[in-house]
Amino acid sequence: MAGTRKTVEQLYREVRSSLHEAGLPNAGLDARILVAHTLDVEPKSLILHYDKAVQEQAERIVKSHAEARISGTPVGRILGEREFWGLRFQLNEATLEPRSDTETLIEVALEYCERTKGIDYPWTFADIGTGTGAIVVALLSELPNARAVAVDLSLKAAEAALRNARLNGVGDRILITCSSFVDPLGQGFDFIVSNPPYIRSIVVEGLSREVREHDPMLALDGGADGLDAYRELMGSGKKLLKPTGRLVMEIGYDQADDILQLTEKYQAFLESCQKDLGGNDRVVTVAYP
């Protein structure tokens, strides 16, 4: 009977408790996202719907999602999508879930654009290792006259990026190709962005179960010292970029000194190193003299 249905608040609190009892560190946030997604409302607006009754089918779906979360499946994998920069991105088995720390890269790239030629300039840029397309799509959403090339070694990842570009209304301003890093790129880019694989091979196997079982190793393993991708990017950057161009790259929290050494090797210089909200080194900007 309708009178016995749970309210949204009751369902949310029940799911939050079950996730908390399972030892999940972000039980409240995970519960809010799972319930809100099922009810087709924004997570931040869930509280506005607390008094509404939940249909039995929706309750079953939420509880199924909660069970999957307790078993170790990340929220993004359960829902098949993840929010990034206020946009929605569909996932598949070849893509990482976009992380909030990576929004620092968007901020740094946009600051460079604003500081130099302005947001409305017809920027031409590339995104290397695009995955879901989160970075390139977020930037295109903020740069109305920009065009971009996005590259990924995985065909399935490239397909996901194209789908997400179209879903977010920027598909007509992007060329997506399946290739190895910089191979298909020409010259004359205003800037290049990348969140490449940067975890040392020996560390990959020790990552959490959620990462090992659900994230593609191709997007994680950065080679013996975690720097393989940076060598290729910095080694090719000067010929791909305009003289005033920049490489804007996400790095691991402990890689800033390594990147500084690489800039010396490739006759570049480290213009800036931006920290994320957690206070860790996260995004470097590299220029060439």
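Annotation for Ala31 and Leu19: closest pair N-CD1, 3.8 Å, computed over non-hydrogen atoms. When all heavy atoms of Tyr266 and Arg231 are compared, the closest pair comes out as OH-CB, 3.5 Å.
Salt bridge Lys63/Glu67: absent, no basic N to carboxylate O contact under 4.0 Å. The pair Glu159-Arg163 does not count as a salt bridge, with every side-chain nitrogen at least 4.0 angstrom from each carboxylate oxygen. Ion pairing between a basic and an acidic side chain is recognised when a charged N comes within 4.0 Å of a carboxylate O; Glu81 and Arg88 show such pairing.
Using modelled atom types, no side-chain atom of Thr73 and backbone atom of Arg69 make a donor-acceptor pair closer than 3.5 Å. Looking at Asn168, its side chain does come within 3.5 Å of a backbone N or O of Asn164 through a donor-acceptor pair. Remark: the backbone N or O of Ala134 is paired with a side-chain donor or acceptor of Thr132 at under 3.5 angstrom. Ser236 places no side-chain N or O within donor-acceptor distance of the main-chain N or O of Leu233, the cut-off being under 3.5 Å. Formation of a donor-acceptor pair under 3.5 Å by the Thr38 side chain with backbone atoms of Ala58 is not found in this model. In this structure, Arg282 contributes its side chain and Cys273 its backbone to no donor-acceptor pair below 3.5 Å. Looking only at distances, no side-chain donor or acceptor of Arg173 sits under 3.5 Å from a matching main-chain atom of Ala148.
Ring geometry, Phe125 versus Phe191: the interplanar angle falls under 30°, so the pair is classed parallel (tilted spans 30 to 60°). Between Tyr112 and Trp123, the two ring planes are tilted [angle within 30° to 60°].
With no hydrogens or angles considered, no side-chain donor-acceptor pair links Gln274 and Thr104 at under 3.5 Å. Judged by distance alone, the side chains of Tyr198 and Glu250 do bring a donor and an acceptor atom under 3.5 Å apart.
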Show your working on side-chain contact (heavy atoms from CB on, under 4.5 Å) between Leu241 and Ile192 and close with a plain yes or no.
CA-CA 8 Å; Leu241 291 165; Ile192 295 173; 3.7 Å; yes

